[in-house]
Undergrad: 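Following this message is one structure expressed as structure tokens.
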Protein chains: 2
Amino acid sequence: MIEDDAAILFGLRDNLQRAGYEVRSAGDGHQGLELARTLRPHLVLLDLMLPGLSGHEVCRRIRVDGLEMPVVMLTALGEEAQVVRGLNLGADDYVTKPFGIGELMARIAALLRRHRRVIPDVVTIGSLEVDRGARRVSREGVEIELTPKEYGLLEFFTRKSGRALTREQILDAVWGDSAAVTDRSVDRAVTTLRSKIEENPNRPSLIQTVPQVGYRFEG
Amino acid sequence: MIEDDAAILFGLRDNLQRAGYEVRSAGDGHQGLELARTLRPHLVLLDLMLPGLSGHEVCRRIRVDGLEMPVVMLTALGEEAQVVRGLNLGADDYVTKPFGIGELMARIAALLRRHRRVIPDVVTIGSLEVDRGARRVSREGVEIELTPKEYGLLEFFTRKSGRALTREQILDAVWGDSAAVTDRSVDRAVTTLRSKIEENPNRPSLIQTVPQVGYRFEG
DNA sequence: TTTGAGCGTCATCAGGTGGTAACAACGGAG
DNA sequence: CTCCGTTGTTACCACCTGATGACGCTCAAA
């Protein structure tokens with residue numbers, strides 16, 4: 001992602017990471033081009049109004065270098081002539097601000113789908129790997145079989161990692177408001193989950209108990 | 001080009017031909033789908049508001065059939081949710097009317113620039129071979145006869161291999177929004193498909209059950 | 001009109017899943 | 001040190017889910 005506006009950068013990065021993408025960013029054209037050359041990312045998000053090298057120039061040089069990843073231009077310049085110019089320079093899509101985050105994500109997914117890349121959805125915590133796309137968990141390549149509830153709980157934890165969660169929050173999120181279950185069910189689910197994913201279930205390192213409150217997942 | 005509004009059809013066709021493209025057109029969804037199947041064009045321009053089959057349905061069926069040409073959706077429906085839905089159905093771009101002819105041409109050019117490559121039509125998973133061009137499946141040279149629904153399901157699985165798919169996703173993709181069928185029908189179809197393509201149907205290795213969710217195809 | 005293939009639904013069954021209860025362990029307060 | 005509230009653990013069993021055989025509807029070909 002090559003973008004100099006910090007607000008947009010952070011907002012987008014958040015969304016992309018939540019969707020499972022790994023994001024690297026640069027704040028100006030030269031850095032951005034360098035990053036694209038060395039990192040060879042699966043896709044480039046490119047702001048056009050940049051200090052240093054202009055976005056158009058970055059895109060042109062990316063293509064001159066023979067880099068073939070999709071490039072999505074991101075800009076406030078919405079006039080047709082601008083769009084045409086951007087696309088003719090080798091961009092694959094051209095999205096004008098203000099844009100809907102959902103649309104941008106869908107366009108990114110569409111481009112990656114074309115390029116035969118798996119759209120990533122894998123979270124890694126230490127040696128533990130949670131593949132949200134495949135709904136699978138593994139440690140060092142060995143699959144860990146989880147029941148649906150255990151998986152749902154773990155998935156929720158990965159999305160809220162680092163935060164202390166009350167049993168009520170966990171119930172709402174994993175069991176849903178329909179379910180009439182006890183707090184104790186959370187305890188039990190946590191216990192069985194620990195027994196499967198913790199290296200040492202007696203001394204849990206991934207799922208910490210927060211007394212009087214609930215649990216915290218260390219990610 | 002699948003478009004029922006004659007004014008737009010003629011206007012666009014003119015422009016496209018002047019730019020050197022060969023254009024064939026259909027005025028409703030069924031004809032359009034048939035044309036795409038037989039002609040195998042390099043790109044499909046698809047209006048969403050169509051008599052007969054809706055544009056969404058046409059796009060879905062194009063993908064179900066394993067046709068991989070770029071699809072550009074063309075519509076007056078500009079809401080973000082619509083755009084996201086279209087792209088998720090397998091469209092490559094989504095342009096809202098009124099659009100600038102120059103921008104549309106640039107977007108078409110960008111897609112064709114990318115898509116010159118030939119796409120492999122045969123997918124191999126273990127000893128199983130799925131020939132999407134011929135719509136045929138075989139194991140070690142021996143053809144496996146599949147009914148249309150079974151083949152559609154398998155084809156969908158090969159395109160989403162490795163991902164956990166909900167029954168709803170499978171229904172949407174394979175049965176289509178028109179069909180009013182139960183989740184259980186997915187189960188049934190999976191069972192019969194397993195009985196034909198699995199080495200050991202009782203211990204499926206290709207199609208895994210993902211409890212509470214649906215199925216996952218191991219590719 | 002008959003026949004058969006394809007496919008959706010139903011009923012049944014086996015096995016897995018998860019909630020609860022009961023008890024153990026733990027830890028903080030006094 | 002004791003008490004008590006909270007958390008961890010185990011056992012049990014009701015319930016749900018998915019697999020599958022059976023059935024019937026629809027449609028197209030003979």
Side-chain angles (χ1 to χ4, degrees), chain A residues 135 137 144-157 164-198 200-217, chain B residues 64 135 137 144-157 164-217:
Chain A
R135 231 182 144 82
V137 182
I144 301 174
E145 303 224 349
L146 297 184
T147 68
K149 192 111 296 177
E150 286 159 5
Y151 180 86
L153 183 60
L154 176 57
E155 216 249 29
F156 177 63
F157 275 143
L165 302 163
T166 66
R167 289 185 172 73
E168 197 180 350
Q169 287 176 307
I170 297 172
L171 276 179
D172 280 356
V174 181
W175 275 257
D177 35 359
S178 57
V181 283
T182 328
D183 281 10
R184 309 310 318 282
S185 295
V186 178
D187 294 0
R188 182 191 188 278
V190 167
T191 303
T192 59
L193 184 56
R194 276 176 176 159
S195 74
K196 291 189 180 179
I197 65 168
E198 292 280 359
N200 181 348
N202 295 331
R203 302 218 148 243
S205 66
L206 292 172
I207 307 174
Q208 300 291 341
T209 300
V210 182
Q212 317 284 8
V213 179
Y215 300 92
R216 176 166 22 91
F217 185 74
Chain B
V64 167
R135 227 183 147 82
V137 182
I144 300 173
E145 302 226 348
L146 296 184
T147 68
K149 192 112 293 182
E150 287 161 2
Y151 180 84
L153 183 59
L154 177 57
E155 211 272 349
F156 177 63
F157 274 143
L165 302 164
T166 66
R167 290 184 172 74
E168 199 181 349
Q169 287 176 307
I170 297 172
L171 277 178
D172 279 358
V174 181
W175 274 258
D177 36 357
S178 55
V181 284
T182 328
D183 281 10
R184 306 257 60 92
S185 296
V186 177
D187 293 3
R188 205 70 194 77
V190 166
T191 302
T192 59
L193 184 57
R194 275 175 175 158
S195 73
K196 292 190 180 180
I197 65 168
E198 292 279 359
E199 309 245 26
N200 181 348
N202 295 331
R203 300 226 145 240
S205 65
L206 291 172
I207 306 174
Q208 298 290 340
T209 301
V210 182
Q212 315 275 18
V213 177
Y215 299 92
R216 174 164 19 96
F217 186 74

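Naming: A, B, ... by sequence-line order, numbering from 1 per chain.
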Undergrad: Just how large is the angle between the end axes of the helix from C/dT1-D/dA30 to C/dG30-D/dC1, five pairs per end, to 10 degrees?
TA: 20°
Undergrad: Keeping A/Thr166 on the side-chain end and A/Gln169 on the backbone end, is there a donor-acceptor pair under 3.5 Å?
TA: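 Checking the backbone N and O of A/Gln169 against the side chain of A/Thr166, a donor-acceptor pair under 3.5 Å is found.
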Undergrad: Can you label the angle between the B/Phe157 ring and the B/Tyr215 ring as parallel, tilted or perpendicular, going by 30° and 60°?
TA: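 Because their plane-to-plane angle is over 60°, the rings of B/Phe157 and B/Tyr215 count as perpendicular.
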Undergrad: By a strict heavy-atom criterion of less than 4.0 Å, which residues belonging to residues 188-204 of chain B are in contact with DNA chain D?
TA: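 B/Arg188, B/Thr191, B/Arg194, B/Asn202, in order of number.
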Undergrad: Of all the nucleotides listed (C/dC7, C/dT20, C/dT17), which has the minimum atom distance to the side chain of B/Pro211?
TA: C/dT17
Undergrad: Okay, side chain of A/Lys196, backbone of A/Glu145: is any donor-acceptor separation there less than 3.5 Å?
TA: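 Pair found, side chain donor or acceptor close to backbone of A/Glu145.
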Undergrad: Give a yes or no on whether the backbone of B/Val210 and the side-chain of B/Arg216 come within a donor-acceptor separation of less than 3.5 Å.
TA: no
Undergrad: Just N and O in the side chain of B/Tyr151: are any of them under 4.0 Å from OP1 or OP2 of C/dG6?
TA: no
Undergrad: Between A/Glu198 (side chain only) and A/Ser205 (backbone N and O only), is there a donor and an acceptor less than 3.5 Å apart?
TA: yes
Undergrad: So, OP1 or OP2 of C/dC7: does either fall under 4.0 Å of a side-chain N or O from B/Thr147?
TA: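 Answer is yes, contact under 4.0 Å.
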Undergrad: The criterion is salt bridge (charged side-chain N to carboxylate O under 4.0 Å, His left out); which residues satisfy it with B/Arg167, sequence neighbours excluded?
TA: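 Salt bridge (charged side-chain N to carboxylate O under 4.0 Å, His left out) check on B/Arg167 returns B/Asp187.
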Undergrad: Report the distance from atom CZ of A/Arg167 to atom C1' of D/dG5, rounded to the nearest whole Å.
TA: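 My rounded result for the distance is 12 Å.
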Undergrad: I'd like to know if the side chain of A/Thr182 pairs up with that of A/Arg188 as donor and acceptor (distance under 3.5 Å, no hydrogens or angles considered).
TA: no
Undergrad: For A/Gln212 and D/dT6, give me the distance from atom CD to atom C1', rounded to whole Å.
TA: 7 Å
